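This is a predicted model, so every value here is computed, not measured. All ligand and atom numbering here is 1-based and tracks the order in the structure. The figures here come from the full heavy-atom set of this structure, side chains too, leaving out hydrogens, waters and symmetry mates.
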Amino acid sequence: MLLNTVENVKNNILEWKKQGYTIGLVPTMGALHAGHLSLIKKAKETCDKVVVSVFVNPIQFGPSEDYDKYPRTLDADTKLCDSEGVDIVFAPSAEEMYGKGQRLSNDTLTYVCPPFFYVNKLCGKTRTGHFDGVCTVVLKLFNIVQPDKAFFGQKDAQQVVIIRKMVNDLNVPIEIIQCPIVREDSGLALSSRNKYLSDDGKKDALVLSKILNNVKLCYKKGITDISSLKETAYAFLTDKHDLEYLEFVDKNTLDDKIKADDSTIVLIACRVEGVRLIDNLYLGEC
Ligand code: PAF
């Protein structure tokens, strides 16, 4: 069932809560692919009712980012959700989410601001305000849908750590489930932004997963010095790649690592054909 208003969603949720159903929420920005599908399947396996939100959230995009051209494929997304047995697809307008005539700025709108330490690194370093926008919309979705569990992809690993921190710090009674990255056979992590790449660009984009796999291989051989690991990684880059970062941080706290160990997550962001791509890999268990 496709719903566009907060009120209609809340009415259904009220009914489900009365019946004692557990509710799973899969927050998305649409342009659904197999990565999202894995989240939906996990939600279906573990919850009685599943809500997928489809909302390209304006307040998590910077002024020079791709908000306007972000792929919007609501018909296909709804069909896919229907075929997976999703109970509600919630696709509100920006006005429905933030109010008619509301200026989308933290001068006039209440924002959730995750801690500086968590946002001042990795993607947050170049995407100023991005995680404020993410946490704000995610908390709003949590309040609207009141799920027992919410499902997020590991591809946005920094996002998941920050959402877990928000949930913990603000006593939000929702379990955050992180699901593994889904990749093409080539190794390319699935992303709605892969649509922007040409065939050659997709080949060049394999550098992200190649670097991560090579780092893990070197680590398994006993190399723990981060400068050495970075050095081998840089050898994969050509003039087709504009590396934004390659970082080694603690998988739970995002603290910088001095030496690589099993609690390390390696994260990379790199532009290919001007498209900003991210990927990551745990050196130990997730
Ligand atoms: O990961 C995303 O697609 C978005 O950041 C999210 C969590 C749906 C919030 O808009």
Side-chain angles (χ1 to χ4, degrees), residues 6 9 24-40 42-43 50-62 65-74 76-78 80-81 86 88-98 104 106 109 111-114 118-119 122-124 126-145 147 149-167 170 172 174-182 189-196 267 269 275-280:
V6 172
V9 174
L25 170 66
V26 182
T28 81
M29 297 205 300
L32 301 183
H33 51 64
H36 298 109
L37 208 61
S38 74
L39 305 180
I40 293 171
K42 190 78 191 162
V50 173
V51 178
V52 174
S53 60
V54 174
F55 180 57
V56 185
N57 175 31
I59 69 166
Q60 70 185 72
F61 289 80
E65 292 183 352
D66 57 344
Y67 174 69
D68 287 331
K69 78 166 195 180
Y70 196 86
R72 287 161 172 85
T73 58
L74 186 59
D77 294 347
T78 310
L80 186 79
C81 288
V86 168
I88 292 178
V89 176
F90 176 41
S93 64
E95 287 197 340
E96 179 65 19
M97 281 302 271
Y98 293 115
L104 300 180
N106 59 4
L109 190 68
Y111 273 59
V112 180
C113 299
Y118 286 69
V119 301
L122 306 167
C123 292
T126 48
R127 303 193 71 190
T128 311
H130 169 69
F131 290 111
D132 299 7
V134 168
C135 284
T136 303
V137 81
V138 167
L139 190 62
K140 281 170 76 70
L141 290 167
F142 285 176
N143 286 331
I144 295 164
V145 177
K149 298 178 188 193
F151 298 80
F152 295 89
Q154 180 202 317
K155 193 166 85 60
D156 296 300
Q158 184 180 15
Q159 169 171 281
V160 183
V161 171
I162 289 173
I163 289 170
R164 285 205 163 117
K165 176 79 177 144
M166 171 183 80
V167 160
L170 301 182
V172 181
I174 295 170
E175 191 184 346
I176 303 302
I177 313 282
Q178 176 175 284
C179 301
I181 298 176
V182 179
L190 295 191
S191 161
S192 305
R193 290 190 170 99
N194 291 352
K195 286 195 166 81
Y196 302 147
L267 302 101
V275 182
R276 187 175 179 280
L277 302 169
I278 58 172
D279 200 349
N280 65 73

Can you pull every nitrogen or oxygen pair between ligand 1 and the protein closer than 3.5 angstrom?
unit_1	atom_1	unit_2	atom_2	d
ligand 1	1 (O)	Q159	NE2	2.8
ligand 1	5 (O)	Q60	NE2	3.0
ligand 1	5 (O)	Q159	OE1	2.8
ligand 1	10 (O)	Q60	OE1	2.6

Can a cation-pi geometry be assigned to K195 and Y70, taking NZ or CZ under 6.0 Å from the six-membered ring centre and within 45° of the ring axis? no
Of all heavy-atom pairs between G30 and V54, which one has the smallest distance, and what is that distance? CA-CG1, 3.7 Å
Counting N and O atoms only, with roles assigned by atom type, does the side chain of N280 sit under 3.5 Å from a partner on the main chain of K155, one being a donor and the other an acceptor? yes
Mark yes or no: R72 above the aromatic ring of Y67, with NZ or CZ under 6.0 Å from the six-membered ring centre and no more than 45 degrees from the axis. yes
So, applying side-chain contact (heavy atoms from CB on, under 4.5 Å) with I176, which one of V138, V160, V161 is it? V160
Option passing side-chain contact (heavy atoms from CB on, under 4.5 Å) with L190 (candidates I181, V182, L37): V182
